[in-house]
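Data first, discussion second: the structure below is written as structure tokens.
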Amino acid sequence: MRIVFMGTPDFAVPSLEGLAEAGYQVVGVFSQPDRPVGRHHNKLQPTPVKARALSRGIPVYQPETLRDGTALAVLRELEPELIVVAAYGRFLPDEILNLPPKGCVNVHSSLLPKYRGAAPINWAILKGEAETGVTIMHMASELDAGDIILQRSTPISPEETAEMLYGRLAELGGKMILEAAAQIEAGTAARTPQDHTKATLAPMLSKEMSPVDWTRSAQEIFNQIRGLYPWPGASTDIISGEPIKIWGAQVVEKHTDAGPGAIIAASKQGIDVACGELQHVLRILELQPPGGKRMTAAAYLAGHPIQV
RNA sequence: CGCGGGGUAGAGCAAUUGGUAGCUCGUCGGGCUCAUAACCCGGAGGUUGCAGGUUCAAGUCCUGUCCCCGCAA
């Protein structure tokens, strides 16, 4: 089966790799244009999907837009029977969706219809979900709203960060797209419509989500730290007046009458901060001051004593 | 050549106008204690990222270079 693969970040790599390893003819790969990355020289960095495709000798296309007809012409020449999209980062216009005889399918990292959009993995953790998963679906014009082919769930462990979950779901997606591809080739792929009334959105993350609101519960703040890991991260200025990024923390059962955001203890164990409910505090274990490296709370306190 | 911050003891930080490189933690030894991530006493550990330059004198000023971090993506 001739397949065109569209994807950009690490998440999409196992899917591409799986399809290629399974012997499908991946005749072309679309990825986002290389973006300047790097502090000093603004070097262009190939996307993870591009790098993998090139190492396999697959032609790579990186159009700025899919809507000027160029991409459509390229696709017509590639003659894919199926287009597989995984975190490509762009909407596909209808003329592309309708091009491949077997359609376009998408690997999405949530249990659709929940968490449609750009950052489903992060939002599942931010919202304190106990489980999430991967959905393979036929693509529709509307964002992440297509009929479901396959769906599999996985529990989110209490300490898991978005980064860890990201890796797990990428692997899961890589396995599931193979199953789905086989079903599509055999003509047995399911088409289960989503319950659109239960749809929720998982919009792009932004730096504005970083500051911690200490009136929330310790668990909610912990979810924020895990869900925004490693980017944009959770931060607070209650320690030094400057925004310090919180890399690691834990919820500790400890009663306090101190107001939200008050530092009630600072020791080698960590920095305990009062939150919005009295029974628990958030213990900061690992942090990073502006301009500095990330370090343990104990190391930070060695150079920045806090009187409690 | 996009903007900015920073390299000082194992870790984290200080060091006025250039003038004996200090502090906290850790570490080692000893003491106290039923005990401890607690406390007390003592010790070790630095060519201040690297290379040049200015100076009687450079962690500090100048030039170059390597590396780290934040913004931006």
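Quick caveat: nothing in here was measured; it's all calculated off a predicted structure. Just so it is clear: chains get the letters A, B, ... in the order the sequence lines come, proteins before strands, and each one is counted from 1. As a basis for the values below, the full set of heavy atoms in this structure was taken, side chains included, without hydrogen atoms, waters or symmetry mates.
- A:Tyr61 and A:Val26 are members of different hydrophobic clusters when ILVMFWY side chains are connected at heavy-atom separations under 4.5 Å.
- Crowding of A:Glu131 atom CD: a count of heavy atoms from other residues, nucleotides or ligands under 6.0 Å exceeding 12.
- OP1 and OP2 of B:A73 both lie 4.0 Å or more from every side-chain N or O belonging to A:Lys207.
- Proximity of a side-chain donor or acceptor of A:Thr200 to a complementary backbone N or O of A:Tyr115 within less than 3.5 Å is detected.
- When the nucleotides B:C13, B:U24, B:A37 are ranked by their closest atom to the side chain of A:Ala302, B:U24 comes out on top.
- Looking at which nucleotide of RNA chain B each of A:Lys268 and A:Gly292 is closest to, the 5′-most match is held by A:Lys268.
- Without hydrogens or angle criteria, A:Trp214 side chain to A:Ala262 main chain gives no donor-acceptor distance under 3.5 Å.
- One P atom belongs to B:A72, the other to B:C66, and the distance between them is 26 Å to the nearest Å.
- Across all strands shown, B:C28 is found opposite B:G42 as a Watson-Crick or G-U wobble partner, with both distances under 3.5 Å.
- In this entry the distance linking CD1 of A:Ile271 with P of B:C25 reads 16 Å, nearest Å.
- Remark: the separation of the P atoms in B:A73 and B:G59 is 41 Å, to the nearest Å.
- Of the possible polar contacts, one joining the A:Arg2 side chain to the A:Glu79 backbone as a donor-acceptor pair under 3.5 Å is found.
- Between B:C68 and B:U63, the two P atoms lie 23 Å apart (nearest whole Å).
- Separation of the C1' atoms belonging to B:C50 and B:G31 is 45 Å when rounded to the nearest angstrom.
- Rounded to an integer number of Å, the gap from CE of A:Met295 to P of B:C68 is 17 Å.
- Of the nucleotides present, none pairs with B:C34 by Watson-Crick or G-U wobble criteria with both distances under 3.5 Å.
- In this structure, A:Lys245 atom NZ and B:G70 atom P are separated by 6 Å, rounded to whole Å.
- Across all strands shown, A:Ala299 has heavy atoms under 4.0 Å from sugar-phosphate atoms exclusively, and none from any base.
- Taking for each of A:Trp247 and A:Gly303 the nucleotide of RNA chain B with the nearest heavy atom, the 5'-most of the two is the partner of A:Gly303.
- Nucleotides B:U54 and B:G18 place their C1' atoms 12 Å apart, quoted to the nearest Å.
- When the C1' atom is compared between B:A14 and B:G7, the two are found 15 Å apart, to the nearest whole Å.
- In this structure, the CG atom of A:Leu287 is 14 Å from the P atom of B:G70, given to the nearest Å.
- The nearest whole Å value for the distance from the CD1 atom in A:Ile244 to the C1' atom in B:C69 is 14 Å.
- Distances shorter than 4.0 Å separate some side-chain N or O of A:Gln288 from OP1 or OP2 on B:G70.
- The distance between atom CD of A:Glu242 and atom C1' of B:C69, rounded to the nearest whole Å, is 13 Å.
- B:U48 sits 10 Å from B:A9 when the P atoms are compared, rounded to a whole Å.
- Atom CZ of A:Arg294 and atom C1' of B:G6 are 18 Å apart (whole Å).
- In terms of modelled atom types and a separation under 3.5 Å, the side chain of A:Asp144 and the main chain of A:Gly117 share a donor-acceptor contact.
- Between the side chain of A:Gln32 and the backbone N or O of A:Tyr88 there is at least one donor-acceptor pair closer than 3.5 Å.
- Nucleotide B:C71 forms a Watson-Crick or G-U wobble pair with B:G2, both donor-acceptor distances falling under 3.5 Å.
- On the C1' atoms, B:U16 is 37 Å away from B:G29, given to the nearest whole Å.
- The shortest distance between the side-chain N/O atoms of A:Lys293 and the OP1/OP2 oxygens of B:G6 is not below 4.0 Å.
- B:A51: Watson-Crick or G-U partner is B:U63, with both key distances under 3.5 Å.
- For A:His304 and B:G6, the NE2 to C1' distance is 12 Å, given to the nearest whole Å.
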